[in-house]
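The following block contains the structure, expressed as structure tokens.
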Amino acid sequence: MGGYRPSRVWGAGVLIGCVVGAGGCSGASGGSAAPSPVITWTAAKAADIAEPTTDAVDYGDGPVRVTAAWGAPSQLRIVTWASSGCPQLPDSVTGTAHTITVTTKAFNPSGDGCTADAAPATAVVGVPAVVDQSAATTLTINATTLTLPGR
């Protein structure tokens with residue numbers, strides 16, 4: 001439970017730097033490399049990403065709330081609210097012309113135990129090449145379905 005935890009202000013700065021284009025960010029929690037397919041991740045939620053519209057759903061690792069928004073070209077930003085010690089990060093991303101399916105799993109960057117809190121984590125993933133981003137896209141993250149407008 002001990003150890004350094006980045007503040008929300010610091011985490012938001014990392015998110016902006018990672019998402020806006022600094023590139024090379026590998027996580028705000030100790031610099032641990034995130035699992036593939038995650039490009040970057042941080043322990044924060046950007047203000048321009050909507051709050052979840054559904055209640056938490058239990059995916060086997062405890063309840064997780066999710067939301068998402070388009071990111072940089074051909075990228076998607078996914079926010080999960082789960083344990084701050086073991087954030088739920090994308091484990092797989094697949095798609096068809098108008099759908100994207102994402103599964104998440106707990107990622108334990110510190111090797112410590114998972115906390116029983118609900119903190120945001122934002123992961124950036126690539127959009128599968130087959131997805132038509134100019135049209136509305138149905139995004140399913142675990143058991144939660146959202147609709148992203150076309151860009």
Side-chain angles (χ1 to χ4, degrees), residues 6 8 11-110 114-151:
R8 291 187 189 273
V14 171
L15 175 65
I16 292 168
C18 291
V19 173
V20 170
C25 298
S26 61
S29 298
S32 300
S36 179
V38 175
I39 298 169
T40 61
W41 76 277
T42 189
K45 180 187 93 58
D48 68 326
I49 300 176
E51 293 293 327
T53 56
T54 59
D55 290 332
V57 177
D58 192 332
Y59 303 115
D61 292 320
V64 179
R65 296 180 71 200
V66 298
T67 191
W70 294 117
S74 297
Q75 292 184 351
L76 182 65
R77 297 178 297 158
I78 298 169
V79 183
T80 58
W81 279 260
S83 168
S84 62
C86 300
Q88 288 280 331
L89 298 179
D91 185 46
S92 71
V93 180
T94 58
T96 64
H98 303 289
T99 66
I100 300 172
T101 302
V102 177
T103 58
T104 66
K105 73 175 184 179
F107 175 61
N108 189 344
S110 68
C114 299
T115 55
D117 59 355
T122 301
V124 176
V125 297
V127 175
V130 299
V131 175
D132 176 6
Q133 298 174 50
S134 68
T137 301
T138 300
L139 171 63
T140 302
I141 304 170
N142 299 323
T144 303
T145 300
L146 311 163
T147 300
L148 298 174
R151 309 186 187 234

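The chain is numbered in sequence order, starting from 1.
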Reference residue Thr144; test side-chain contact (heavy atoms from CB on, under 4.5 Å); the match among Leu139, Thr67, Thr80, Val66: Val66
Donor-acceptor pair, distance only, cut-off 3.5 Å: does the side chain of Thr137 make one with the backbone of Ala135? yes
Minimum heavy-atom separation for Val130 to Gly95, with atom names? CG2-O, 3.3 Å
Nearest-0.5 Å distance that lies between atom CZ in Arg77 and atom OG1 in Thr42: 12.0 Å
NZ of Lys105 to OG of Ser92, rounded to nearest 0.5 Å, is 10.0 Å
Pairwise side-chain contact, Pro90 with Thr103, heavy-atom cut-off 4.5 Å (strictly under): no
So which atom in Pro37 and which in Val125 form the shortest heavy-atom distance, rounded to 0.1 Å? O-CG1, 3.8 Å
Side chain proximity check, His98 to Thr138, heavy atoms < 4.5 angstrom: no
Could you go through Ser83 and Asp117, starting from their C-alpha distance and side-chain angles, then the distance that decides it, and tell me whether this counts as side-chain contact (heavy atoms from CB on, under 4.5 Å)? CA-CA 5 Å; Ser83 168; Asp117 59 355; 4.1 Å; yes
What closest approach, in Å, do Leu148 and Ala68 show between heavy atoms, and which atom pair accounts for it? CD2-O, 3.9 Å
Residue pair Lys45 / Thr122: nearest heavy atoms and the distance that separates them: CA-OG1, 3.6 Å
Do you know which two heavy atoms are closest between Trp81 and Pro52, and how far apart they sit? CZ3-CG, 3.3 Å
May I ask you to say whether Arg65 pairs ionically with Glu51, meaning some side-chain N is under 4.0 Å from a carboxylate O? no
Between Pro149 and Trp70 the two heavy atoms that sit nearest each other are O-NE1, 2.7 Å
Any non-hydrogen side-chain atom of Pro128 less than 4.5 Å from a side-chain atom of Val93? yes
Spacing of Thr99 atom OG1 and Asp132 atom CG [to the nearest 0.5 Å]: 11.5 Å
With a 3.5 Å cut-off and no angle check, do the side chains of Thr101 and Thr140 form a donor-acceptor pair? no
Sub-4.5 Å side-chain heavy-atom contact between Gln88 and Ile141: no
Polar side-chain atom of Ser134 near backbone of Gly150 as donor-acceptor pair, under 3.5 Å: no
